[in-house]
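Structure first, then comments.
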Amino acid sequence: MTTSNEQTVAGVLATSMRDLLCGALRPEHVGQQVRVCGWVARRREHGEHLAFIDLRDRSGIVQCVVDGSVDLRSEYVVQVTGTVRPRPEGTLNETIATGAVEIGDCKVEVLAAAEPPPFGLEDRSEVDEQIRLRYRYLDLRRPRMQRNLRIRAAVNRALRAAMDRQGFVEVETPILWAPTPEGAREFAVPSRLHHGSFYVLPQSPQLAKQLLMVGGIDRYYQIARCMRDEDLRADRQFEFTQLDLEASFVTQDDVMAFVSEAVLDAAEVATGVRPGAIPRMTWHEAMDRFGVDKPDLRVEIELTDLSETFQDSEVRAFSAPVVKALRIPDGATFTRSKLDTLTEKAKSLGAQGLAWFRVQDDGSLDSPLDRFLADTERAAIVERSHAQAGDLVLIVADEWRRAVEVLGALRAQLLSPPVGEGEPRYVWVMDFPMFDGVDADGNPISAHHPFTMPHPDDFELMKTDPLKARSQAYDLVLNGWELGSGSVRIHRPDLQSEVFRALGISEEDAEQRFGFLLGAFRHGAPPHAGFAFGIDRLVAIFTGADTIREVIAFPKTQSGTDLMTQAPSTISNSALLELGIRTIPKES
RNA sequence: GGACCUGUGGUGCAGCCUGGAGUGCACGCCGCCCUGUCAAGGCGGAGGUCGCGGGUUCAAAUCCCGUCAGGUCCGCCA
């Protein structure tokens, strides 16, 4: 790890109370009288004549030796004064960085006493996350969290440096923004001076950064907090942090180059290894090969197409436009009940059903459908999916989109390793569709957002068959997680009107929601494009964490509560009155 | 809104399926002993609303229903 380590900043970290950090002590310090400060991690007392104290600070642990007894408990905060000396022969501790030395003849001053901690602060003691979050300030003292937060800081530093180097200007945008209903649910902030009116917290600085382009900033970036009042997940919190950027007079290739530079720099700083150039694939290719728009390329296995094989098949279950197969290595051991569960999942995703074939040792297929198959079909199932004895082959026959999506979900569920495991695999996914289906009123739904520029080859399609049109939108994917997305924006009012029309947004509607943006665009908007990606997710993967909560100092639970502060909580009636707010009791 | 998993001294678990005294393990905590340990060691000790409520039963940590909390996922996240 090349985060700012204690060696390089050791001098800076000396203070009026300490000379250096615990974890920085080395044989070169032998003979020096030093003062260190920290928490009592462990103590080993040997009667009234000898005691060892493992003292911990942000840098690690050093052993302090007291010739006498001590009156210390775990997590007491102390200042230790003593002399650095080599450890006696045979007592070196290779497992810690300071293990060749110790601080001898120690005098210990207690700076603060401490209650016994509710859980062990060593990394190896496993603690339920609920307990960790209630005492997050203690959890943060643990080496693992110290490391995660410092890697995160190093990533932020690398991102800023990369953006700065590429000529981007860091601009802060408002946290109190105007409601623009569309997309994610917004957090509302009541206005004290204007009763009945609300600000909202930005779900992203999207419109602000486009206005900065009109404002001639040319290249903008921000490490921006975004807030979305949507349900939480392992990779989603109410508030999260993005590297948000936008640039003028650029194409999507330019933007992808800017982002790649920043992400690869961050990866190098966090992991010590600079990944190679990030490959690209189209959305259609991603869906067809992997069944998702965020493929996990660590998993080698892809969907295979059996449509031709079953084109004129007698098997009624396979009479569909598209027949796709997925091989599950060693899946022949799946029990009937597990296969039933998978079938249920496939159905819940919209499939008619899920056909399964267990490949037996003799190469024959074990499946309820086997007796309906022709020999050529049996052979095709095995050969085209490259199945071996002991594998399982899953088949879905449906419309293309549904068939690949169902198998894509099963591929992710059954074959993906934990997100932080193995060699990181980045991929750009491009040429997303402009629209993703239609809403209840029959209007197309923006796949990205309504300011996304159509693909240059599909301007005509926008008028004739908009649902088939592609956009200039692109996602960055890492290990099956969507890191972020961006697009070329529409900068011409006439084209924007056309897209609004396609979306079924009336001119009055558009004017009311985004009037300030459309107004700005009438004053000379440069062609521009941008991107934003989640720093929490990126750092989680770098640190090997399987949830972003591990890289956030004070995260919320899945139900959106803070177990330490008890937020959200009620506020006083007088505070409500001042805000002009009356609450409605929850219906029972 | 929905599905599934988890909840047992301070912490982590076992016990639950197949009901029979809150029993057990490890760590931590408290006391005493101990001059080279490092997850120190030895001896002794304290510590429990088995998440909560209801039901079944002679009897419930264990079975059933409900509920709360945490987690994973679906929906949702332009």
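First the proteins, then the strands, lettered A, B, ... as listed; each starts at 1.
- Taking the C1' atoms as reference points, B/C25 lies 13 Å from B/G9, given to the whole Å.
- Comparing A/P116 and A/G120 by the nucleotide of RNA chain B whose heavy atom lies nearest to each, the residue mapping closer to the 5' end is A/G120.
- For A/D458, the salt bridge (Lys or Arg N to Asp or Glu O under 4.0 Å) partners two or more places apart in sequence, or in a different chain, are A/R470.
- Distance check on atom C1': B/G47 versus B/U11 gives 13 Å, rounded to whole Å.
- Residues A/E508 and A/Q512 have side chains that never bring a donor and an acceptor to within less than 3.5 angstrom of each other.
- Taking a 4.0 Å limit (strictly below) on heavy-atom distances, residues 235-243 of chain A reaches RNA chain B at A/R236.
- The separation between A/E405 atom CD and B/C74 atom P is 13 Å, rounded to whole Å.
- Judged as a salt bridge (Lys or Arg N to Asp or Glu O under 4.0 Å), and not counting sequence neighbours, the contacts of A/R142 are A/D139.
- Applying the salt bridge (charged side-chain N to carboxylate O under 4.0 Å, His left out) definition to pairs two or more places apart or across chains, those involving residues 85-100 of chain A are A/R85-A/E102.
- Within 4.0 Å (heavy atoms only), A/S125 reaches no atom of the nucleic acid at all.
- The salt bridge (Lys or Arg N to Asp or Glu O under 4.0 Å) test applied to A/D229 returns no partner, not counting sequence neighbours.
- At a threshold of 4.0 angstrom between heavy atoms, the contacts of A/A51 with the nucleic acid are absent.
- The ring of A/H46 has its center closer than 6.0 angstrom to the ring center of A/F52.
- A search for salt bridge (Lys or Arg N to Asp or Glu O under 4.0 Å) contacts involving A/E45 returns A/R43, not counting sequence neighbours.
- Among the heavy atoms of the strands, none lies under 4.0 Å from A/Q413.
- Between the side chains of A/Q242 and A/S204, no donor-acceptor pair of N or O atoms lies under 3.5 Å.
- As rounded to whole Å, 13 Å separates atom C1' of B/U72 from atom CH2 of A/W481.
- Separating the CG atom of A/D231 from the P atom of B/A3 is a distance of 15 Å, rounded to the nearest angstrom.
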With a 3.5 Å cut-off and sequence neighbours excluded, list the donor-acceptor pairs that the side chains of residues 408-419 of chain A form with protein atoms.
{"from": "A/R411", "atom 1": "NE", "to": "A/I301", "atom 2": "O", "distance (Å)": "2.7"}
{"from": "A/R411", "atom 1": "NH2", "to": "A/D296", "atom 2": "O", "distance (Å)": "3.1"}
{"from": "A/R411", "atom 1": "NH2", "to": "A/V299", "atom 2": "O", "distance (Å)": "2.7"}
{"from": "A/R411", "atom 1": "NH2", "to": "A/I301", "atom 2": "O", "distance (Å)": "3.3"}
{"from": "A/Q413", "atom 1": "OE1", "to": "A/K345", "atom 2": "NZ", "distance (Å)": "2.9"}
{"from": "A/S416", "atom 1": "OG", "to": "A/D296", "atom 2": "OD2", "distance (Å)": "3.4"}
{"from": "A/S416", "atom 1": "OG", "to": "A/A412", "atom 2": "O", "distance (Å)": "3.3"}

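- Spacing of P atoms, B/C63 relative to B/C50, comes out at 16 Å, to the nearest Å.
- Here, B/A46 and B/G28 have their C1' atoms 13 Å apart, quoted to the whole Å.
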Please list, pair by pair, any protein nitrogen or oxygen found under 3.5 Å from a nitrogen or oxygen in nucleotides 67-71 of chain B.
{"from": "B/A69", "atom 1": "O2'", "to": "A/Q130", "atom 2": "NE2", "distance (Å)": "2.5"}
{"from": "B/G70", "atom 1": "OP1", "to": "A/T557", "atom 2": "OG1", "distance (Å)": "3.2"}
{"from": "B/G70", "atom 1": "OP1", "to": "A/S559", "atom 2": "OG", "distance (Å)": "3.3"}
{"from": "B/G70", "atom 1": "OP1", "to": "A/T561", "atom 2": "OG1", "distance (Å)": "2.8"}
{"from": "B/G70", "atom 1": "OP2", "to": "A/S559", "atom 2": "OG", "distance (Å)": "2.9"}
{"from": "B/G70", "atom 1": "O4'", "to": "A/Q130", "atom 2": "OE1", "distance (Å)": "3.2"}
{"from": "B/G71", "atom 1": "OP1", "to": "A/Q558", "atom 2": "N", "distance (Å)": "3.0"}
{"from": "B/G71", "atom 1": "OP2", "to": "A/Q558", "atom 2": "N", "distance (Å)": "2.7"}
{"from": "B/G71", "atom 1": "O3'", "to": "A/R549", "atom 2": "NH2", "distance (Å)": "3.1"}

Sugar-phosphate means primed atoms, P, OP1 and OP2; the rest is base. With that split, encode nucleotides 33-41 of chain B 5' to 3' as B, S or - using protein heavy atoms under 4.0 Å. -BBBBBBB-
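- Residues passing the side chain to side chain donor-acceptor pair (under 3.5 Å) test with A/K468, sequence neighbours excluded: A/D465.
- Distance check on atom C1': B/U62 versus B/G15 gives 9 Å, rounded to whole Å.
- In a base pair of the Watson-Crick type (N1 to N3 plus N6-O4 or O6-N4) or a G-U wobble (N1-O2 and O6-N3), with each distance short of 3.5 Å, B/G7 is matched with B/C68.
- The side chain to side chain donor-acceptor pair (under 3.5 Å) search around A/D244 returns A/K209, A/Y220, not counting sequence neighbours.
- For the C1' atoms, the distance from B/A61 to B/G22 is 8 Å, rounded to whole Å.
- Every pair passing salt bridge (charged side-chain N to carboxylate O under 4.0 Å, His left out) that includes a residue from residues 551-566 of chain A is listed here, sequence neighbours excluded: A/E239-A/K556.
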